[in-house]
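Here's the structure, in structure tokens; my notes come after.
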There are 2 protein chains.
Amino acid sequence: MENQEKASRIELAASLPVFLCFAVYSTNLAFNRAYKPLLEKLGLTYPQYVALVALNEENDQTVSQLGQKLFLESNTLTPLLKRLEANGYVIRRRDSHDERQVRVSLTPQGRSVFEKVFCGCGTIVDATGLDEQSYVRLQRELIELRDNLLAGSKSSKQDLDRE
Amino acid sequence: MENQEKASRIELAASLPVFLCFAVYSTNLAFNRAYKPLLEKLGLTYPQYVALVALNEENDQTVSQLGQKLFLESNTLTPLLKRLEANGYVIRRRDSHDERQVRVSLTPQGRSVFEKVFCGCGTIVDATGLDEQSYVRLQRELIELRDNLLAGSKSSKQDLDRE
DNA sequence: GGCATATAACTCGTACGCGATTTAATCGTA
DNA sequence: TACGATTAAATCGCGTACGAGTTATATGCC
């Protein structure tokens, strides 16, 4: 009775379909494949598109700000943003008040390509087979799960840093 | 009334937290980070661990069989399996009846490392913050979503092949 | 048997993700 | 002001994903 807290609250069989993490992993692969036909016509990858979404929401963000929203760091974002710049979708320039920071802005072509993909999203949303209620609920549950996981890894990371 | 079917059933604002695909994408990043401390001690990556899970469930599978379970193809799996072999966790050998196929088996070390990670999973399962019921439900919903998405991309791919 | 077709795995090039390190700018404090 | 500490971005190396193409084996049909 007293060691109830010690063991994991959920018993798992050692089989793939039973892992929640594998369900998330494979659903992510599936979403990438669903988006691919829509994106590759425009020379975009899925993470690049996500960056455009974040920039459309708020323009002229620093790399760190973008990173916080996308859960990525500069080692991933810098090359990605350079590719978007090479394709004419964003502009990167040093902040004049703090030259350490780089500010990223959408170009008109960037905004237009974002809108094009956004309008084509309906097909994919429909392919989920979810009604609006399930869609929103699933999304909310995932965000909560993600934030729980990130809170867990962050605290264990701080433990390591402290050593 | 009549064109109700034409438009997507779900209206989205153009904001990141609203995309289900981004919820899945970022939750996948979070799961990877949660598993990392457990896996890197053993020199494993998350996809490598998933391959070990599949092999523990059924040993001596071909690359294609593994690929079907993991939703990956040989261009991804071959290098991954070679790394597992280099670390002594699996053995790869040509099928004597059909030399085109490569059969992959767990070594004793592979089985032992799988068990080690599996036993350490409890912490991560707990970090999800989900009770057993929500865990299982979320997982089932994701699998259904994944399979809907894959069915959608597969049919549109066949359309392309037919052209 | 011989040859076109199909199939399984592999190889290659590109783009993430990320740990580790580097470079450059700013801040804090004496 | 000077100088160590901090911070932001960039760079590097490795391991996935995956489209496209290659190689080797098996199959089907004459």
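Each chain gets a letter, A, B and so on, in the order the sequences are listed, and its residues count up from 1.
Side chain to side chain, A/Asp126 and A/Thr123 fail the donor-acceptor criterion of an N or O pair below 3.5 Å. Between the side chains of B/Asp60 and B/Ser105, at least one donor N or O lies within less than 3.5 Å of an accepting N or O.
For the pair B/Asn28 CG and C/dC16 P, the computed distance is 16 Å after rounding to whole Å. Residue A/Leu39 contributes atom CG, which lies 11 Å from atom P of C/dC16 at whole-angstrom precision. As rounded to whole Å, 11 Å separates atom C1' of D/dA9 from atom CG of A/Leu77. Straight-line distance from the CZ atom of B/Phe71 to the P atom of D/dC18: 12 Å, rounded to whole Å. If you take CG of A/Leu72 and P of D/dA9, they are 14 Å apart, rounded to a whole angstrom.
Remark: the A/Ser74 side chain and the D/dA10 base include a donor-acceptor N/O pair separated by less than 3.5 Å. With hydrogens and angles left out, the side chain of A/Asn75 and the base of C/dG19 share a donor-acceptor pair within 3.5 Å.
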Atom pairs under 3.5 Å, N or O on each side, protein against nucleotides 2-4 of chain D: can you list them with distances?
none

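In this structure, the helix from C/dG1-D/dC30 to C/dA30-D/dT1 shows an angle of 10° between the axis at its start and the axis at its end, each fitted on 5 base pairs and rounded to 10°.
A salt bridge is absent between B/Arg94 and B/Glu99; no separation between the charged side-chain nitrogens and carboxylate oxygens falls under 4.0 Å.
For the segment residues 41-49 of chain A, the set of residues with a heavy atom within less than 4.0 Å of an atom of DNA chain C comprises A/Thr45, A/Pro47, A/Gln48, in numerical order. Heavy-atom distances under 4.0 Å link DNA chain D to A/Arg92, A/Arg94 of residues 86-95 of chain A, given in residue order.
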Donor-acceptor pairs under 3.5 angstrom involving side-chain atoms of residues 20-31 of chain A: please list them, not counting sequence neighbours.
| unit_1 | atom_1 | unit_2 | atom_2 | d |
| --- | --- | --- | --- | --- |
| A/Ser26 | OG | A/Phe22 | O | 2.7 |
| A/Ser26 | OG | A/Ala23 | O | 3.4 |
| A/Ser26 | OG | B/Arg146 | NH1 | 2.8 |
| A/Thr27 | OG1 | A/Ala23 | O | 2.5 |
| A/Thr27 | OG1 | B/Leu142 | O | 3.3 |

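At a threshold of 4.0 angstrom between heavy atoms, the contacts of B/Arg83 include nucleobase atoms, whether or not backbone atoms are also involved.
The B/Asp98 side chain lies nearest to D/dA26 when the options are C/dA9, D/dA26, C/dC18.
Among residue pairs with one or both ends in residues 62-103 of chain B, none qualify as ring pair (Phe, Tyr, Trp, His ring centres under 6.0 Å); sequence neighbours excluded.
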